[in-house]
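One structure is given below, encoded as structure tokens.
Since we're looking at a predicted model, the values are computed, not measured. Worth knowing before you read on, the calculation uses all heavy atoms, side chains too, and leaves out hydrogens, waters and symmetry mates. Proteins come first, then strands; the chains are lettered A, B, ... in the order of their sequence lines, and each starts at number 1.
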Amino acid sequence: MLDNTPLVLGNETFSSITDHISSITERKAPKQWYLLLALASSLALVLFGMIGYLFWEGTGIWGIQNPVGWGWAIVNFVFWVGIGHAGTLISAILFLLRQKWRTSINRFAEAMTLFAVLAAGIFPAIHVGRVWVVYYMFPLPNQMQMWPNFRSPLLWDVFAVGTYFTVSLLFWFTGLVPDLATYRDRAKTKIKKMVFGILSLGWRGGNRQWKHYEMTYLLLAGLSTPLVLSVHSVVSTDFATSVIPGWHTTIFPPYFVAGAIFSGFAMVMTLAIIARKIYGLEHLITMKHLDNMNKIILLTGMIVGFSYGMEFFIAWYSGNPYEQFAFVNRAFGPYAWAYWIMVSCNVLIPQLFWSRKIRRSIPAMFIISIFVNIGMWFERFVIVVTSLSRDFLPSAWDYFTPTIYDIGMFIGSFGLFFTLFLLFVRFLPMISMSEVKGVLPQADPHYYDHEHDTRKGGQHV
Amino acid sequence: MKFDSQTYRVETDNQLGFKILIAGIAALLLSAIGYFTHSKQFFFSYLVAYTFWVSIGLGGLFFVMLSHLTGTVWGIVLRRIIESIMMALPVMAIFFIPLIFGFHDLYHWSHAEAVAEDPLLQSKAPYLNVPFFIIRTGIYFGIWYLLARKLYALSLQQDEQPTNEQIVKMRRVSGPGMVLFAVTTAFASFDWIMSLDAHWYSTIFGVYFFAGSFLGALSFLVIVSAWLHNKDILTGTITIEHYHDLGRLIFAFVIFWGYMAFSQFFLIWYANIPEETIWYQHRWTGSWNIISLFLVIGNFLIPFVLLMPRAIKRNRNKMFVLAIWILVTHWVDLFWLITPNLHHHGAHFSWMDLTLFVGMGGIFVSLFWKYLTKGALVPVKDPKLQESIQFSNA
């Protein structure tokens, strides 16, 4: 339990790390990559095809009706934005908390964040129905003096998600610069040299450049930290500022943030396990990294469970029949199956991570991470749909049934996400070379002082 | 008082602890006069003082478990001080007993005739009734006592015969301990504070209370270390680097408190449901609005701005002053949560607010001091102690 294993296993040196990670993009891609890309891009095509049909036909192709006006599209939006939280948490908050183990997972977690936010952004945009006036969402000066409603949380969403995407992109790109320079220096073709040359912004690896770079990185980390909390807090206000029982509850902002980190880490876990297997990165993304991530999944899962409990208790305690009904209806009403899937996947199954053995078993953690992904989608489904389907007017009650377009677009969004992710893995360093080198024992300025010292790397706190 | 920098022990005849205890008891006796002149005020002041000192202890318990779970290195030098804060918590259970006699003054729901004519209170009666309330408080303290005792015993055992086993065990206790802590703290805050206004409810209330508690405990810790430094104790052990990190932690939790406070206020304000907004309406009536605004400025904006620059976090005296300020605002926070249920028309401070605060504080601090001086002031045999002393923010 007192784990002092180094963060990088094997006898890696600076140059072997460069070789190892660069070679992934320099050699031919493995067969599985083409297979996965074919699959993912076909699904992405399904998404775009269906979006085209939606533009033609209107949002009526979805299962939304009265009283459930927010169907899968909003569920998917919240789901994907949530997934997008792990990247910035790992890169910003864990950086500020001096958690060195973040170095080998931050790059692709950040990339995942960007792609997840992109996938998320599609849904509210197409949900407006009249996409040709989607620019109304932005406060653009116009001769009609028409402005979006600044009091609406839906507008705050536009700003929150937009800011989040921009800052995450900047942060991700800043982190990439030294590695892009390495790629430029290793490039064999002229085009590659040029592209990476432009992208690496004239990086030469000089002392002064590093000094500025590290300060920038620290500042960006500081700036992104509030964003990790703000985005999903704002998303939660879409629901919580209303007066709908089950939506309006004060714990929503922190509860949504914890849920977002929970689902984001689960997705990072799913991807990391596959990537490290295919590309042989077991010595860089070690058991220790996976173990730590599982602990965070356990922690955030417990916070989510705490929130479920609080909501339920307070609903009863409030003495408010509408509140009470909303929660009894969730757990025992027509959507009870969804509620119990949510509880099992998010609260019960992650409890297995109390056991160190399970935290360190690849198959177990892979399966649990999938369960968490499923559970967190259902959480949003339960929130969005159950509260709406039985509102204050019993004569309007109805059961929500998704159509093929709901399902297709959701699956298609996975296609888009994975297509982008696979392209990223193919063309950019999926592990931050410069940062992993920083946690090697050789990176310690005093490493060569004591030749016979038994000190191990990566343990500086 | 003599400090031995080899063994990390202070030699003291415990004059100090005794003096604090006497001062505390004197203040409590003085307050007892208030009980006979104005019992309602007495119990409200008592509850504010009580929840204040319990919250400091709770923050300590949380910090100890957090340190074990994260395997903190920088915090090891502070661990014994935090553990002593934690150990003062269970004894506070005794001071709950007088509150039982004040139930009728404090809690509207404890009047059978009030419940009889109020359907809302009737629906809550299975939870809000006197016997169950007392049992619950017993359970909270029972859990806190068991956790604190176990963690403290293991830590002392580590001083005697250090093995890795104690560290492992402390972690094992802290994991489930954290879960128990979260649930008990939330429900304790519902019971003691939220149920004062039995109609009102907020799911975030427990987290809000916790945020303030942890801030309080961190500030208390800063005050103690700065005071020890003033007496030339642990000067080479707790360095400015530790203040820097404590400052950051306080900064983070100032924001966290602000985030919780804002979430609660904002969602209730925006939805504008009368049964929820009434709670804030009470806190905006008469001079209460000054206290409400003071909290926003004093408990959030001022520490937020002051803790931003590095220089203040690395200055012992400034951190000391700031920590006292945060403790004061934490008290105001609890005052603001509790007392509007007594003074509906405006904020009103009573002399008992002060004497009971000092009284309860005297007991709490003397207990804390007793535990702190019992052994070494740092976990001397912790394998990472040296690393913790030499810790640097670079």
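A side-chain donor-acceptor contact under 3.5 Å links A:Thr250 to the backbone of B:Ile204. Side chain of B:Thr203 to main chain of A:Ile251: a donor-acceptor pair is present (N/O by atom type, distance under 3.5 Å, no hydrogens or angles).
Atom NZ of A:Lys295 sits in a crowded spot, with more than 12 heavy atoms from other residues, nucleotides or ligands closer than 6.0 Å. Other residues, nucleotides and ligands contribute only 12 or fewer heavy atoms inside 6.0 Å of the CH2 atom of B:Trp269.
Contacts of A:Phe313 with chain B are made by side-chain atoms alone, with heavy-atom separations under 4.5 Å and no backbone atom involved. Contact annotation for B:Pro383: neither backbone nor side-chain heavy atoms come within less than 4.5 Å of a heavy atom of chain A. With a 4.5 Å cut-off on non-hydrogen atoms, B:Glu275 touches chain A through its side chain but not through its backbone. A:Phe306 touches chain B through its side chain: at least one heavy atom from C-beta onward sits under 4.5 Å away, while N, CA, C and O do not. Heavy atoms closer than 4.5 Å to chain B are found in the side chain of A:Met302, but not in its backbone. Looking at B:Ser195, both its backbone and its side chain come within 4.5 Å of chain A, counting heavy atoms on both sides. Of the atoms belonging to B:Leu128, it is side-chain heavy atoms, and not backbone ones, that fall under 4.5 Å from chain A. Heavy-atom distances place no part of B:Met178 under 4.5 Å from chain A, backbone and side chain included. The contact between B:Asp245 and chain A is made entirely by side chain atoms (from C-beta outward), counting heavy-atom distances below 4.5 Å.
Note that OH of A:Tyr317 is 10.0 Å distant from OG of B:Ser123, once rounded to the nearest 0.5 Å. B:Leu120 contributes atom CG, which lies 8.0 Å from atom OG of A:Ser318 (distance to the nearest 0.5 angstrom). One finds the CG atom of B:Leu267 at 6.5 Å from the NE2 atom of A:His248 (value rounded to the nearest 0.5 Å). In this structure, B:His199 NE2 and A:Asn320 CG are separated by 12.0 Å, a value rounded to the nearest 0.5 Å. Here the OG1 atom belonging to A:Thr241 is positioned 13.0 Å from the CD1 atom belonging to B:Ile268, to the nearest 0.5 angstrom.
Applying the salt bridge (charged side-chain N to carboxylate O under 4.0 Å, His left out) rule to B:Arg283 yields no partners; only residues at least two apart in sequence or on another chain are considered.
Looking at heavy atoms from C-beta onward, A:Met310 lies in side-chain contact with B:Phe187 at the 4.5 angstrom threshold. The shortest distance between side-chain heavy atoms of B:Ser263 and A:Pro254 falls below 4.5 Å. Between B:Phe262 and A:Pro253 the shortest side-chain heavy-atom distance does not fall below 4.5 Å. Between A:Trp316 and B:Pro126, the closest side-chain pair of non-hydrogen atoms falls below 4.5 Å.
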TODO: Show the numbers, then the answer: is there a side chain to side chain contact (heavy atoms under 4.5 Å, CB included) between A:Tyr255 and B:Val207?
DONE: CA-CA 11 Å; A:Tyr255 151 51; B:Val207 191; over 6 Å; no
Open item on the list: Using the rule given for side chain to side chain donor-acceptor pair (under 3.5 Å), can you reason through A:Ser242 versus B:Tyr270, listing the C-alpha separation, both sets of side-chain angles and the distance that settles it, and then say yes or no?
Closed with: CA-CA 8 Å; A:Ser242 72; B:Tyr270 195 112; over 6 Å; no
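Chain B is approached within less than 4.5 Å, heavy atom to heavy atom, by A:Arg151, A:Ser152, A:Pro153, A:Trp156 from residues 151-160 of chain A, ordered by number.
A pairwise comparison of heavy atoms in B:Phe266 and A:Thr237 identifies CE2-CG2, 4.1 Å as the closest pair.
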